Structure formats: C-alpha cells, structure tokens
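Scroll down for the structure; my scribbles are underneath it.
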Protein chains: 2
Amino acid sequence: MTDAPDRPPLRVTISDVAAAAGVSRATATRALKGEGRFAEQTRARILDISERLGYVPNTMAAELAAGRTGTVGLLLRDASNPAYGLLFSCLQDEANRCGLDLVTVTIGADSGGTKQVTALQRLLGMRVAGLIVATGGVTNAQLEPFADQVPIIRAGRDATGDRVHSVAYDEQSHGALLAAHVHSLGHRRVAVLATDPAASFPEHVRVTAMREHLESAGVEVTPIAVGAGPAEGVDAALALASAGRVTAVMCPSDYRQLAVLRAARDAGMRVPADFSVTGCDGILPGADLLGLTTVRVPVEAVARETVAAMQHLLDTDSDSDDLVRRSYAGPLVAGTTAAVLL
Amino acid sequence: MTDAPDRPPLRVTISDVAAAAGVSRATATRALKGEGRFAEQTRARILDISERLGYVPNTMAAELAAGRTGTVGLLLRDASNPAYGLLFSCLQDEANRCGLDLVTVTIGADSGGTKQVTALQRLLGMRVAGLIVATGGVTNAQLEPFADQVPIIRAGRDATGDRVHSVAYDEQSHGALLAAHVHSLGHRRVAVLATDPAASFPEHVRVTAMREHLESAGVEVTPIAVGAGPAEGVDAALALASAGRVTAVMCPSDYRQLAVLRAARDAGMRVPADFSVTGCDGILPGADLLGLTTVRVPVEAVARETVAAMQHLLDTDSDSDDLVRRSYAGPLVAGTTAAVLL
DNA sequence: CTGAAAGCGCTAACAG
DNA sequence: CTGTTAGCGCTTTCAG
C-alpha cells in the first residue's frame, strides 16, 4: 500500500458516509436530500460528515435508480456565432431561473451530419428529461423518432410534423420588415444575396420573404445565389452596385453585411452614399457603431418561451395534445448603412 | 419482414434487443460495441435489430457499470461574450477532433458563486473523466479539493496551487503590448480604465501591466477605477480627454472600448483625431471595420493546448507529476482608433 | 464463441 | 424514525 491511510478515498460513496455516521444508506439518502422522515439531529450529523468527506453524489447512479432525470439536454450549434452564443446564454439563464438543469452538447460547425447524430445520441443516452434543439444541423426526421420518448423543442427555427415542438424566429417577418424599409427608402433596383436553402435555411426564408415583398412592390430584384461562405457573392454585388445596376444590396445576415461593407471599403465605395446595405441579426456588439441596418432577432423572447414551454411539457403528466408552435419577430434597426435614395 | 408491429417500447433496453435476437445481454453488449469475441453473423443480426428497435444505450447505466466515463466536463462562463463563445466553440472543435466527448454546463453571468458550485457538483456528479474550467466564477480553492479525483485544467486564465493545471492567456503581455503601442505613438498622458480585480481578474492583470509599462516609460497615467459595468468610467475618461488632460484612453476590453467609442460619438468627439482609444480581445466580428486597436487573444491556441493537455492527462495512467502551466500571448492589432499624436 | 451471475452507487417501497 | 430488500440498465469476469 502506497496510499496515505488518512486521505479520503478517491471516490466517496454514500455507503462511506452512512458507515461513518453509523446509519444505513437509506437514511443517509433521505437525510441528504431532506425528504421523508428523519431525526433532525441525525441529519445534521450526516450532512456534516458528508461534507467533511467531500461526498459528491453519483448522478448516474442516482438517476438510474430513480428512473428519472432532472436535466434537460441542449443540442447546440457552434457558439462562435454571437447570435447562437447569445441564444445559448439566454437559454441557460432562463433555465436556471426556472430551476431546470441544462447540459449542453455542441457540434462544431464543420462537422458533417454524423457528428450531430452522435451528439443527439449522447444526450438521449443520458436519458434527459427533455431536449432543446438549437441547431439546424439535425433534421426533423432525425428528431421525430424520439419525440414520444421525451419532449423535444426546436428553438430558433420551425419544426415540421406534429411531434416536435418549436419556438422560432419569425424569419419571414424579418425579411419583409427589411424589404419594406428598403422600399420605403426609395430603392427600386435591389440586389439580394440568395442563400441556398441547404446552406442555411433561415437565411433562405429571409431572402425569400425579401424577394416576395420587394417584387410585389414593383421593385426590380437581382438575386445572387450564394452558399454557406460569408463572403460569397460579395464581389458580384459590388459589381452590380458600382455599375449602377442596383442601389441597394440586401444580405440575409449581418455577417454577410459585414463582408459587403468590408469589400466596399476596400473598393473605395462609400456606404450609403454609393449604395445601401442591409443585414439581419442585430446581435453583434458594436452593430450600432457600425450603423448596421438590420433586424434585431428576438433571442430573449425565444429563450424565455422555449424554457417556459419545456417546463410546461415536463410538468404536464402525459403528453397532452398541445403542440407548441410559436414564433417571434424582432424589431427593425434602421442604421446608417441604408439611406434614402437621392 | 414484419414492420414494427406496435410502437417500440418507450425505453428500449439491451435486454429487449437481446431477447429479440435470441441471445443473452452479455452477447448483445459485446456485439454492439464490437469488443471481445463473437460470430460476425450474430453481430450483424444484433446490430440490425437494435437499429430497428431504436435502441439507445443508457449512458448512465453503462458508465456506472463500467466504472469509468468517456466524457470530459466543461464548466463555462456566459457565452454571450463572443470571446467566451469562440473559446467554447474552439474547445468543442478540438475535443471532437481528438475524440473526446464534452458535456458543458454553464452558469449565467449574473448568478452568484453558489450557482457555480452547483454546476461544478453536477459535472463531478456525472463522474466526468476530466474537467475543463473556462470561467473565473469558480475559484481555485473550490477546484483544489477535486483535483486528485479528476484532472482539472483551467482554460484562459492562470491557476494557483500545484494541483490544478492551466492553459492561459498571457494577459500581462497583452497589456504590455498595448502600452508599448500607445507609447510608440507618442502619447505621454494616458487614462486607463482600471478594473477592480474582483470584477474581472483578467482585466485587472491587463490594466496592471499597462500601467507598469507606461509608467516605467515615463508616461503620466491617470487610472479610472471601474467595476464590472461595461460603461463605467467612460464619462470620466471622456471628460479627461476633452479637457486635454489625456491624449489616449486605454480600455482593458473591447467591450469597454466600444462604450468609449459610443460615448465619444454621442459627445461629438472624433477618434482618433481628438483622442486615441485601445481595447483588448480582438474577437468581435467587425472589429476590423470599426478599426479597433486591440490585441487578438489567442483563443485557438489555448483551446488546442487545453484539449491536448487533457488528452495527455487522461492517457497517462497515474497522475504523473507534470503540472501543466502554459500561457499564450496574442498579436497586437493596430487599428485606426489609436493614432500618432500630432 | 456465448451464457450466467455479480455487482456499479443509489433510491424506493416496505417492514421494523 | 430507520434498516432491509430489491432492483435501475449495463458491463464484466468466469464458466460452459
């Protein structure tokens, strides 16, 4: 034996605590969680001992034995994007305001679909009580099979089918809001960065709404097809603008708006003097200083409602038939990157 | 083949799979994880059945039985701050590049110290194989007691003592780098937003380094004591600048730099014409467009080394005596908010 | 190659 | 009020 005899065992179990206190494991359990009946004095002693021993209850064993889990899982997208980072943060805040324990598993943005499934499995394997999905990387079809084992809520984007709940951003309104603004500024020839639905579905929805709104208002729209790369289509947009073919460039995200702004600066073009630009998100710290014209996505509201809905679903004994399907639109932020057409 | 006769049981266990395949649980286990010896044919059948049944292994039971955990816990700070969001993201990427499973627990920025401990307990309760701590909210003293049960690495800031490892930002260099830049620009009267160590220790370290460097170079430093609020001290700084008492304002974070920039704009003062401003972080998307003068914190390097170190600690059988204690400095980003003094 | 049996650490009825 | 007795779902020797 090379170990010091008086150092507490590497892993203190409830048996150790019970033994040291001269009671049975059951009593220790009850005292530790303050449930059931027990003598206040025994309890104090047990609490004291457990603390002295550095006892940390083994969650796995506890939940396995109890047959239920006190945590809800959060499947998250890459948090380097401030919009997701904020959503994450708000979700977490809401959750521990409501007394829900959240465990998060993320999948890097670059990973293929397989990784996302792995992450899903990991959460389900933990037998979480509920699941919040805040990533587009996992499809509704992949979620569907588990929807009757555990309540699943998609946060930030719509779900399809009738088993997976959702509390989403109203991206359609966002697109329309932006389009209305640009139109009201007098622009009649507009370029739109049209994201491929496979690259980013939310962006696609925004763009579609923009185009529809614009076109129905008689604006001439020039779509520029783009994929996931944030700088894609920027050159094309700039070319159109410098040729005078369009007076505004609408981007489906603030990241792309930044890219356009950057390119414009490098090309010596002035915004909004030479052409107007819009984006979408409004989360970037410093967006105000840049004067970004955008829509401020209602992260807080979505986070709040997601957690509230989860709590409701968890409380409701059986899966009642109310499918949660809400959506929220954020306000337009009229910045200085889009101006009245002279 | 008979399509699922009924809906599969709410919770498919390995016994269900074994029964359906006409084998014992032990065989099912082995086949599922491809370890041990078994007939390739049995295996195929078991795999097939488990898939058809929608079997998801119960992680808690598995790890409880196996006595070991395959996941490392990540204790995270509020991710609404892009710097932490990016660290989170990079850590996650690194981890699943290295085949480590990460589960994350976060504590809202507003929560008191109690919540942080709860989160710690939750992770320890899961019996994670290792722990990465990326928040200042939990002290070294709180970590210390668990350090010989599980390897603990602090990411982003220094650890003290000799049990907790750390892979940190070299905030001292960051401060010095910035100070040297401001000095080289010719500034000789500088205001510094001096963060209280209790509000943010990293900021405090940066500031201290700035002051030391500046003062030893003969620069007249005017410290402005600030707490956690991002806008604190901004008015005082502006007053000093507009009175001509200082020619530059150094902030210990880009958030504060933004606040100063905002205030300057509102007050009709121009940066850098009227006075120079610096920050620190360099993570903000769009920092380049704003021309922020800052240091780009080496998030990627820290994430990489943290995960590498964790992997090493996990592989090393016993706790060898090598305490990981590394730190990295990022490059200066000379923006347009700080200019040569005319 | 596969089955039987013994737990992992904890909780949840029941008895005492 | 407290101890006893079964397991939770899975892994893992150790026989067969």
Side-chain angles (χ1 to χ4, degrees), chain A residues 8-47 49-50 53-71 121-122 124-129 149, chain B residues 8-47 49-50 53-71 121-122 124-129 149:
Chain A
L10 245 46
R11 248 65 207 252
V12 183
T13 77
I14 201 170
S15 302
D16 298 323
V17 175
V23 298
S24 72
R25 300 212 315 270
T27 304
T29 299
R30 283 186 290 250
L32 255 2
K33 39 184 349 203
E35 284 170 7
R37 276 160 274 286
F38 47 73
E40 209 22 80
Q41 191 179 349
T42 353
R43 181 187 143 105
R45 183 161 36 99
I46 292 174
L47 247 42
I49 293 197
S50 99
L53 257 40
Y55 169 63
V56 178
N58 185 323
T59 321
M60 298 185 299
E63 297 185 333
L64 180 58
R68 57 185 159 56
T69 321
T71 61
Q121 297 268 341
R122 200 129 55 77
L124 290 169
M126 286 180 188
R127 295 298 187 265
V128 290
Q149 294 182 35
Chain B
L10 246 45
R11 246 69 206 250
V12 182
T13 77
I14 201 170
S15 301
D16 297 323
V17 176
V23 297
S24 72
R25 301 212 314 274
T27 304
T29 299
R30 284 186 289 252
L32 256 0
K33 38 185 350 205
E35 285 169 7
R37 275 160 276 286
F38 47 71
E40 208 25 79
Q41 191 178 352
T42 343
R43 181 187 144 105
R45 181 161 37 98
I46 292 174
L47 249 40
I49 292 197
S50 100
L53 257 38
Y55 169 64
V56 178
N58 184 323
T59 321
M60 299 184 298
E63 296 186 333
L64 180 58
R68 54 185 162 57
T69 320
T71 60
Q121 298 269 341
R122 199 130 57 77
L124 289 170
M126 286 181 186
R127 296 295 187 269
V128 290
Q149 292 182 35

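For clarity, every value in this text was computed on a predicted model and none was experimentally measured. Letters A, B, ... are given to chains in the order of the sequence lines, protein chains preceding strands, and every chain is numbered from 1.
- For Thr27(B), the side-chain hydrogen bond (donor to acceptor under 3.5 Å, both in side chains) criterion is met by Ser24(B), not counting sequence neighbours.
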Classify every nucleotide of nucleotides 8-16 of chain C by which part a protein heavy atom approaches to under 4.0 Å, writing B for the base, S for the sugar-phosphate alone and - for neither, in 5'-to-3' order.
-> BBBBBB---
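- With sequence neighbours excluded, the residues satisfying side-chain contact (heavy atoms from CB on, under 4.5 Å) with Leu47(B) are Leu32(B), Arg43(B).
- Nearest heavy-atom pair, Asn58(B) versus Met60(B), reported as atom, atom and distance to 0.1 Å: OD1-N, 2.9 Å.
- Here the CD1 atom belonging to Ile46(A) is positioned 8.5 Å from the CD1 atom belonging to Ile14(A), to the nearest 0.5 angstrom.
- Consecutive Watson-Crick or G-U pairing (both distances under 3.5 Å) extending over three or more pairs maps onto DNA chain D as C:1-11 with D:6-16, C:13-16 with D:1-4.
- One atom, CZ of Arg45(A), and another, P of dT2(D), lie 8 Å apart when rounded to the nearest Å.
- Residues meeting the side-chain contact (heavy atoms from CB on, under 4.5 Å) test with Ala62(B), sequence neighbours left out: none.
- Residues satisfying the salt bridge (charged side-chain N to carboxylate O under 4.0 Å, His left out) test with Arg122(A), not counting sequence neighbours, are Asp101(B).
- Every residue two or more places apart in sequence or in another chain that forms a side-chain contact (heavy atoms from CB on, under 4.5 Å) with Thr13(A) is listed here: Ser15(A), Asp16(A).
- Considering only residues two or more places apart in sequence or on other chains, Thr69(A) meets the side-chain contact (heavy atoms from CB on, under 4.5 Å) condition with Glu63(A), Thr71(A), Arg127(A).
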